[in-house]
Amino acid sequence: MLRRESIKRSKGERVVFTVAFILLAIYACFILYHFYFLLQLATKGDTVEYNNAIDTKTLATWSSNFTLRNFVLAFDAFSDDYGNTFISMTFNSLWFSIGSEVIVLLLQSAVTYAICKYEFRGRMLLYNLVLVRMMVPIVGTMPSAYRVYSKFGLTNSPLILLTATDCLGGGNFLILYAFFKGISWEYAEAAFIDGANHFDVFFRIMLRMALPAISVLFITGFISRWNEYINISLYMHEMPTLSYGLYVYEQNMKYAGGNMPAYFAGVCIAAIPCITLFIIFQNSIMQTVHLGGIKG
């Protein structure tokens with residue numbers, strides 16, 4: 001078995017690492033407390049008890065009527081005028097998050113590979129365009145985007161996945177560029193000698209070697225799209241995702257009332273996939289981002 005070599009650090013380095021560890025530990029406890037507090041809210045007896053807890057400033061305490069029934073009620077509480085339920089919203093979140101990321105990463109990988117490995121006129125212009133785009137806000141383009149999507153029948157339809165063609169996405173582009181740059185071109189030359197064409201080199205060699213980066217980008221992108229609700233409210237309000245359904249329910253409670261503990265229980269359920277993915281792949285995520293930064 002391989003043994004991890006111990007790293008000898010100076011006294012100053014040990015002090016810095018100790019201080020950093022303490023600060024990060026405090027920050028981690030602060031983040032975990034939010035989940036702890038969320039569970040306290042989700043297990044309140046009912047909305048009346050929740051409102052009384054607000055008046056008595058005892059929200060951050062476990063309920064005397066502790067119940068897990070709200071997690072069951074959450075499946076019945078979330079529905080809309082289009083017949084969508086908690087289950088259908090969850091299904092919409094799955095196909096939207098997975099489909100969008102598969103399309104965008106496949107296209108980004110192909111474009112990034114071409115810019116990184118091939119010499120052609122305008123290559124550096126495209127690279128610099130990515131950097132410029134990262135500095136320019138695109139919120140103001142939403143009205144024009146809605147008009148285009150509506151004109152082509154992409155709204156309230158699975159065809160909305162066709163809009164996930166962002167080939168020059170800033171962060172993803174830079175990480176993929178760093179990985180492709182670190183892959184030796186000798187692999188491609190050897191494949192060309194054996195009769196492979198450019199598509200074979202990309203799909204059978206380069207894409208497979210970049211899978212660590214692509215898989216991590218898929219996970220982080222999935223989490224981002226799973227939690228997205230602004231674009232969903234514009235383009236898919238008849239086919240809402242779970243995050244948008246929670247947002248609408250929370251807004252409606254301001255005027256028509258609702259079951260607050262069930263709402264927080266729904267938030268807990270909606271967070272499970274993202275938390276699970278991050279816990280399982282946290283080491284891969286950190287290693288990939290670290291290596292991408294070194295190669296870049």
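Residue numbers count from 1 along this sequence. In what follows, every heavy atom counts, from backbone to side chain, and hydrogens, waters and symmetry copies are set aside.
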Measure the [atom1]-[atom2] distance between [X] and [Y] for me, rounded to the nearest 0.5 Å.
{"X": "F203", "Y": "S109", "atom1": "CZ", "atom2": "OG", "answer": "9.5 Å"}
{"X": "R14", "Y": "T18", "atom1": "CZ", "atom2": "OG1", "answer": "8.5 Å"}
{"X": "S184", "Y": "E189", "atom1": "OG", "atom2": "CD", "answer": "7.5 Å"}
{"X": "F91", "Y": "L242", "atom1": "CZ", "atom2": "CG", "answer": "14.0 Å"}
{"X": "N70", "Y": "Y263", "atom1": "CG", "atom2": "OH", "answer": "14.0 Å"}
{"X": "M239", "Y": "T155", "atom1": "CE", "atom2": "OG1", "answer": "11.0 Å"}

Hey, is the main chain of [Y] close enough, under 3.5 Å, to the side chain of [X] for a donor-acceptor pair?
{"X": "S157", "Y": "L154", "value": "no"}
{"X": "N92", "Y": "P240", "value": "yes"}
{"X": "T47", "Y": "G258", "value": "yes"}
{"X": "S224", "Y": "T220", "value": "no"}

Hydrophobic cluster partners of I279 (side-chain heavy atoms under 4.5 Å):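 Besides I279, the hydrophobic cluster comprises Y27, F30, I31, F35, I275, listed by chain and residue number.
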If we only count heavy atoms from C-beta on, is the [X] to [Y] side-chain gap below 4.5 Å?
{"X": "I232", "Y": "H237", "value": "no"}
{"X": "F173", "Y": "Q108", "value": "no"}
{"X": "R147", "Y": "K151", "value": "no"}
{"X": "P261", "Y": "N259", "value": "yes"}
{"X": "T241", "Y": "E228", "value": "no"}

For D200, give me all partners under side chain to side chain contact (heavy atoms under 4.5 Å, CB included), at least two apart in sequence or on another chain.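 Listed in chain order: A196, N197, R204.
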Could you walk me through whether F180 and I115 pass side chain to side chain contact (heavy atoms under 4.5 Å, CB included), step by step? CA-CA 10 Å; F180 282 124; I115 294 175; over 6 Å; no
Enclosure of [X] [atom1] (heavy-atom neighbours >12, cutoff 6.0 Å):
{"X": "F192", "atom1": "CZ", "value": "yes"}
{"X": "Y187", "atom1": "OH", "value": "no"}
{"X": "F66", "atom1": "CZ", "value": "yes"}
{"X": "E186", "atom1": "CD", "value": "no"}

Anything under 3.5 Å between a donor and an acceptor, one on a side chain of residues 39-46, the other on a protein residue two or more places apart or in another chain? List them.
from : atom 1 : to  : atom 2 : distance (Å)
T43  : OG1    : L39 : O      : 2.8
T43  : OG1    : Q40 : O      : 3.3
K44  : NZ     : L59 : O      : 3.4
K44  : NZ     : T61 : O      : 2.8
D46  : OD1    : V48 : N      : 3.2
D46  : OD1    : E49 : N      : 2.8

May I ask you to decide if the ring planes of [X] and [Y] are parallel, tilted or perpendicular, using 30° and 60° as cut-offs?
{"X": "Y113", "Y": "F202", "value": "tilted"}
{"X": "W62", "Y": "Y36", "value": "perpendicular"}
{"X": "W185", "Y": "Y118", "value": "perpendicular"}

If we check ring-ring contact (aromatic ring centres under 6.0 Å, His included) with Y229, which of these qualifies: Y235, Y247, Y244?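 Only match with Y229 under ring-ring contact (aromatic ring centres under 6.0 Å, His included): Y247.
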Taking a hydrophobic cluster as the set of Ile, Leu, Val, Met, Phe, Trp and Tyr residues connected by side-chain heavy atoms closer than 4.5 Å, whether directly or through intermediates, do Y249 and I272 fall within one such cluster?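 Y249 and I272: separate clusters.
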Treat each ILVMFWY residue as a node, draw an edge where side-chain heavy atoms are under 4.5 Å apart, and state whether I269 and V267 are in one component.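 In one cluster: yes.
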Could you report the tightest heavy-atom contact between K117 and K181, atom names first, then the distance?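 Of all heavy-atom pairs spanning K117 and K181, the closest is NZ-O, 4.0 Å.
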Shortest non-hydrogen contact between G153 and L159, atoms and distance: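 The pair with the smallest heavy-atom distance is O-CD1, 4.1 Å.
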Apply the test side chain to side chain contact (heavy atoms under 4.5 Å, CB included) to residues F78 and T85: give CA-CA distance (whole Å), side-chain angles for both, the deciding distance (0.1 Å), then the verdict. CA-CA 6 Å; F78 299 98; T85 62; over 6 Å; no
Evaluation steps, side chain to side chain contact (heavy atoms under 4.5 Å, CB included), between L161 and W95: CA-CA 9 Å; L161 294 179; W95 68 256; 4.0 Å; yes
Can you list the steps and then say if I214 with L106 is a side chain to side chain contact (heavy atoms under 4.5 Å, CB included)? CA-CA 9 Å; I214 294 174; L106 180 61; over 6 Å; no
